[in-house]
There are 2 protein chains.
Amino acid sequence: MPNGSYACGIGPAFEVVGGKWKAVILWELREGPLRFGEFRRRIGGLSEKVLIQQLRELEADQLVTRQVFHQVPPRVEYALTDWGHALNVALGPIADWGEAYARATGRWGDLPS
Amino acid sequence: MPNGSYACGIGPAFEVVGGKWKAVILWELREGPLRFGEFRRRIGGLSEKVLIQQLRELEADQLVTRQVFHQVPPRVEYALTDWGHALNVALGPIADWGEAYARATGRWGDLPS
DNA sequence: TATGATACTTACCAACTGGTAAGTGATGGG
DNA sequence: CCCATCACTTACCAGTTGGTAAGTATCATA
């Protein structure tokens, strides 16, 4: 999604969390920091390459932070910034809508109750 | 964005309004129906081809309706369905966040005050 | 007869996105 | 000495998305 100017906040917002996975990744962080491997286990169908790409972009957009613990095996934690947290709050209604819509249309398999 | 199953409502929601323009298009409908040409005038940088594609997909996903008035020159109005309206309500906080974020980062030119 | 308005429609193409599969480096444990 | 763990990293590729530019159909109006 190329940069441009927008008439409302929808454009910028979707520029930073648009795409297939970014909002899902962000959403997983709502209860605390996660490690790289934890994302992998929680989000099915998301490859390592794409995950790290999206995490790097979220970091560049200041929605998440990346903290390295110099251990072996390595430990890296990703957490929400204030912007990321605020965006997650704003994503709440979207998640609710999406869940209701998915159930009503039955188009995406069963969601966990 | 391929179909799959999701662990939360974020996935389905972004599957129907993800992409560069759909949320913007939907958002423009919040104050009432619009004609094809009105979208074009309101949303800069959006080509006719892409606009009609997105409108058709939004229609298929039951977020907007398309009403044809058989006149010459033709008149076609697009309006929100109930699902579309509910999604727009849920997009409100995202628009607010996006506006604040865009202003704070100054990355997308000036938004109208 | 020519023009303009409206809402598309088509052909073509470049860029971006997402995906698979395999490899890297450090080190502790068997 | 070999393997496992963890967090990447790289090469390669296919499919999707978005974009440009031109064309279509109808009929009122000049």
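Within 4.0 Å of A:Q54, counting heavy atoms only, lie sugar-phosphate atoms of the nucleic acid but no base atom. B:R66 comes within contact range of the sugar-phosphate backbone alone, with a heavy-atom separation under 4.0 Å but no base atom that close.
Put simply, CZ on A:F69 is 12 Å from P on D:dC8, counting in whole angstrom units. Summarising the geometry, the separation between CZ on B:F39 and C1' on C:dT6 is reported as 15 Å, rounded to the nearest angstrom. Atom pair A:E48:CD and D:dT5:P shows a separation of 13 Å (rounding to whole Å applied). Residue B:R40 contributes atom CZ, which lies 11 Å from atom P of C:dA7 at whole-angstrom precision. Between the C1' atom of C:dT24 and the CZ atom of A:F36 lies a distance of 14 Å, rounded to the nearest Å. Note: CD1 (B:I52) to P (D:dG19) measures 16 Å, nearest angstrom. As a whole-Å value, the separation of B:Q53 CD from C:dC12 P is 16 Å. D:dT9 atom P lies 12 Å from atom CG of A:L55, rounded to whole Å.
In this model, the phosphate group of D:dG19 is approached by a side-chain N or O of B:K20 to a distance below 4.0 Å at OP1 or OP2. Between A:R56 and the phosphate of D:dC8, there is a side-chain N or O to OP1/OP2 separation shorter than 4.0 Å. The side chain of A:R35 places an N or O atom within less than 4.0 Å of a non-bridging phosphate oxygen (OP1 or OP2) of D:dA7.
Within the 3.5 Å criterion, the main-chain N or O of B:L63 finds a donor-acceptor partner in the side chain of B:T81. A donor-acceptor pair under 3.5 Å links the side-chain atoms of B:E38 to the main chain of B:R35, judged by distance alone. Of the possible polar contacts, one joining the A:N88 side chain to the A:L26 backbone as a donor-acceptor pair under 3.5 Å is found.
Taking hydrophobic clusters as Ile, Leu, Val, Met, Phe, Trp and Tyr residues chained together by side-chain heavy-atom distances below 4.5 Å, A:V64 does not share a cluster with A:F69.
The nearest heavy atom of DNA chain C to B:K49 and to A:W21 marks one nucleotide each, and the one closer to the 5' end goes with B:K49. Sequence order on DNA chain D of the closest nucleotides to A:Y78 and B:L46 puts A:Y78 first from the 5' end.
Distance check, rounded to the nearest 0.5 Å: CD of B:Q54 to CZ of B:F39 gives 11.5 Å.
In terms of heavy-atom proximity, A:W97 sits nearest to B:A90 at CB-CB, 4.4 Å. For the pair A:W27 and B:I10, the tightest heavy-atom approach, listed with the atom from each and the gap, is CG-CG1, 3.8 Å.
Residues B:E48 and B:F36 have side chains in contact (heavy-atom distance under 4.5 Å, counting atoms from C-beta outward). Side-chain contact between B:L34 and B:E28 is present, with heavy atoms from C-beta onward closer than 4.5 Å.
Stem analysis of DNA chain D (at least three stacked-register Watson-Crick or G-U pairs, each with both distances under 3.5 Å) gives C:1-30 with D:1-30.
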Identify the pairs formed between an N or O of the protein and an N or O of nucleotides 24-28 of chain D at a distance under 3.5 Å, and give each distance.
none

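Partners of A:P33 by side-chain contact (heavy atoms from CB on, under 4.5 Å), not counting sequence neighbours, listed by chain and number: A:E77, A:A79.
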